[in-house]
Amino acid sequence: MATVLDGAAIAATIKNEVAAEVKSLAAQGIRPGLAAVLVGHVPASEIYVANKVKTCGELGLYSDLITPPDTVTTEDMLDLVRSLNDRDDIDGILIQLPLPKQVDAKFLLDSVTPDKDVDGFHPVNAGKLQAGRPALAPCTPAGVIEILKRSGLPISGQNAVVVGRSDIVGKPAAMLLLNENATVTICHSKTRDLASITRQADILVAAIGRPGFITPEMVKPGATIIDVGINRITTREEVDRFFAGDAKREATFAKRGSTIVGDVHPKAFEIAGAYTPVPGGVGPLTIAMLMANTVRAAKMRRGI
Ligand code: NAP
């Protein structure tokens with residue numbers, strides 16, 4: 001039986017550690033602060049940001065929710081970021097994506113000062129990560145490493161295959177695994193004979209954005225599978241394809257008309273040694289690592 005890697009429990013432990021650190025910083029008169037910028041009314045973004053702000057409150061961090069209208073211009077957003085860069089009560093700046101079309105997202109993200117870039121998206125932080133220097137690493141990939149380490153799974157010397165090369169997940173995940181001395185292969189949509197590569201993986205990270213893409217024949221028996229994917233499925237056919245005979249999923253689908261599946265077909269988990277479920281695997285780590293990054297940024301900025 002494969003071990004289920006309980007991301008929710010690991011995230012809860014990290015949040016407890018962050019809360020303890022916030023408390024000890026409070027004794028020095030420091031309260032780490034996060035600015036969350038939410039443009040317009042994208043329902044999913046509203047839920048994500050509400051969770052982030054709520055978690056700040058629970059752990060004792062200060063948060064400032066800023067909600068520009070969806071007609072905002074790049075220039076307005078640049079002014080906002082400049083003011084947040086200068087504010088002493090703000091240690092982390094989070095700009096929730098996606099942004100409206102008229103806003104130049106790359107230009108804007110590059111305007112966030114690297115020492116408040118708690119999402120780890122700034123090229124300076126990407127470069128530091130690549131150079132193996134201390135950096136604010138993107139939250140989801142940082143969470144992947146936490147799951148592996150805190151579950152006592154070895155990384156050093158392991159063959160790690162990352163499927164997906166986005167700047168937000170795939171590339172930084174590969175870099176973090178390399179920094180932990182894994183032998184890393186990065187795959188993407190142009191990779192030839194993907195299955196022959198994924199079958200070599202002791203650690204297989206799937207960050208593709210395609211429901212159930214990794215099938216059992218692509219997995220080495222006993223491998224650790226980290227499924228980063230979050231895909232909402234809404235059809236009977238998809239539910240049958242991924243969750244036939246799963247009463248809990250059937251109930252969710254009947255109630256909500258949808259359910260979530262990762263980038264890994266649930267059948268592939270059966271031959272793994274350990275795996276992160278979806279939901280409840282990598283997902284919960286993202287907010288926990290955002291909180292950890294904000295506290296880290298607060299300390300780094302003060303030379304602590
Ligand atoms: P993305 O920017 O769309 O990148 C997807 C990557 O998958 C690309 O590099 C793409 O290759 C590759 N890919 C697509 N089709 C492929 C194929 N047939 N074979 C091999 N590679 C293929 O997505 P992302 O932002 O990295 O997100 C990936 C998944 O993670 C999504 O499901 C997303 O919802 C989820 N996610 C979860 C969290 C979390 O908190 N758990 C956070 C962020 C993202 P090319 O580069 O060649 O196009």
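For ligands, and for the atoms within them, numbers begin at 1 and follow the listed sequence.
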Participant: Quick one: nearest non-hydrogen protein atom to atom 42 (C) of ligand 1, plus distance?
Facilitator: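 I find the closest protein heavy atom is Thr140 OG1, 3.3 Å.
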Participant: Quick test: of every protein heavy atom, which one is nearest to atom 40 (O) of ligand 1, and how far off is it to 0.1 Å?
Facilitator: Thr286 OG1, 2.8 Å
Participant: Can you list the ligand 1 atoms lying under 4.0 Å from a non-hydrogen atom of Gly283?
Facilitator: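 That gives atoms 41 (N) of ligand 1.
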Participant: Can a donor-acceptor pair be found, under 3.5 Å and without considering hydrogens, that links the side chain of Thr276 to the backbone of Asp227?
Facilitator: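 Confirmed, Thr276 side chain pairs with Asp227 backbone.
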Participant: Which one holds for Ile168 and ligand 1: side chain close, backbone close, both close, or neither close, with close meaning a heavy atom under 4.0 Å?
Facilitator: neither
Participant: Quick check on Ala207 - does any of its heavy atoms sit under 4.0 Å from an atom of ligand 1?
Facilitator: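 Contact present.
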Participant: Counting N and O atoms only, with roles assigned by atom type, does the side chain of Asp119 sit under 3.5 Å from a partner on the main chain of Pro138, one being a donor and the other an acceptor?
Facilitator: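 Not at all, since once roles are kept as given, no pair shorter than 3.5 Å links the two residues.
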Participant: Is the shortest side-chain N to carboxylate O distance from Asp88 to Arg301 below 4.0 Å?
Facilitator: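 Salt bridge flag = yes for Arg301 with Asp88.
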Participant: Considering only the protein, which heavy-atom contact is closest to atom 21 (N) of ligand 1, and what is its distance?
Facilitator: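 Here the closest protein heavy atom is His188 C, 3.1 Å.
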Participant: Just heavy atoms, cut-off under 4.0 Å: does Ile208 contact ligand 1 by side chain, backbone, both, or neither?
Facilitator: both
Participant: Would you indicate which of Gly143, Pro284, Ser166 comes nearest to atom 25 (O) of ligand 1 when only heavy atoms are counted?
Facilitator: Ser166
Participant: For ligand 1, which is the ligand I care about here, please tell me if Gly164 has any N or O atom under 3.5 Å from one of the ligand's N or O atoms.
Facilitator: no
Participant: Show, in sequence, the C-alpha distance, side-chain angles and deciding distance for Asp240 and Arg236, and conclude whether the salt bridge (Lys or Arg N to Asp or Glu O under 4.0 Å) test is met.
Facilitator: CA-CA 6 Å; Asp240 288 345; Arg236 174 81 258 163; 2.9 Å; yes
Participant: Heavy-atom contacts with Phe213 under 4.0 Å: which atoms of ligand 1 show up? List them by number with element.
Facilitator: 17 (C), 18 (N), 19 (N)
Participant: With no hydrogens and no angle check, just 3.5 Å: does a side-chain donor-acceptor pair link Thr73 and Glu75?
Facilitator: no
Participant: Identify the heavy atoms of Ile197 and Val161 that sit nearest to each other, and give their distance.
Facilitator: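 What the structure gives for the nearest pair is O-CG2, 3.7 Å.
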Participant: Note the single closest protein heavy atom to atom 37 (C) of ligand 1, along with its residue, its atom name and the distance in Å.
Facilitator: Val228 O, 3.2 Å
Participant: Rounded to the nearest 0.5 Å, what's the gap from CG on Leu99 to CG on Asp70? Could you check?
Facilitator: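 With rounding to 0.5 Å, CG (Leu99) is 11.0 Å from CG (Asp70).
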Participant: Going by the atom numbers of ligand 1, which of them fall below 4.0 Å from some non-hydrogen atom of Gly209?
Facilitator: 28 (C), 29 (C), 31 (C), 32 (O)
Participant: Any nitrogen or oxygen of Lys190, main chain or side chain, under 3.5 Å from a nitrogen or oxygen of ligand 1?
Facilitator: no
Participant: Among all the protein's non-hydrogen atoms, which is closest to atom 9 (O) of ligand 1, and how far away is it?
Facilitator: Arg165 N, 2.8 Å
Participant: Using a strict 4.0 Å cut-off to heavy atoms of Arg210, name the atoms of ligand 1 that fall inside it.
Facilitator: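 Numbered from 1, ligand 1 contributes 15 (N), 18 (N).
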Participant: For ligand 1, which atoms have a heavy atom of Asn231 less than 4.0 angstrom away?
Facilitator: 32 (O)
Participant: Report the nearest protein non-hydrogen atom to atom 33 (C) of ligand 1: residue, atom name, distance rounded to 0.1 Å.
Facilitator: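 Looking at atom 33 (C) of ligand 1, the protein heavy atom closest to it is Ile230 N, 4.2 Å.
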Participant: Applying a heavy-atom cut-off of 4.0 Å, say which part of Thr191 lies close to ligand 1: side chain, backbone, both or neither.
Facilitator: neither
Participant: Got a donor-acceptor contact below 3.5 angstrom from the Asn85 side chain to the Ser111 backbone?
Facilitator: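 At least one qualifying donor-acceptor pair exists.
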Participant: Can you tell me how far apart OG1 (Thr74) and CZ (Phe107) are? Round to the nearest 0.5 Å.
Facilitator: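 Reported value, rounded in 0.5 Å steps: 8.5 Å.
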Participant: Kindly give the heavy-atom pair with the smallest separation between Val261 and Pro211, and that separation in Å.
Facilitator: CG1-CB, 3.5 Å
Participant: Apply the side chain to side chain contact (heavy atoms under 4.5 Å, CB included) test between Ile155 and each candidate in Leu148, Asn179, Asn181; give the one that qualifies.
Facilitator: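 Among the candidates, only Leu148 passes.
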Participant: Suppose we measure from atom 47 (O) of ligand 1 to each protein heavy atom; which comes out shortest, and what is that distance?
Facilitator: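 Looking only at protein heavy atoms, the one closest to atom 47 (O) of ligand 1 is Ser189 OG, 2.6 Å.
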Participant: Measure the distance from atom 44 (C) of ligand 1 to every protein heavy atom, then report the residue, atom name and distance (to 0.1 Å) of the closest one.
Facilitator: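 It is Val169 CG2, 3.8 Å.
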Participant: Applying the side chain to side chain contact (heavy atoms under 4.5 Å, CB included) test to Leu204, which of Asn159, Ile214, Ile226, Thr224 qualifies?
Facilitator: Ile214
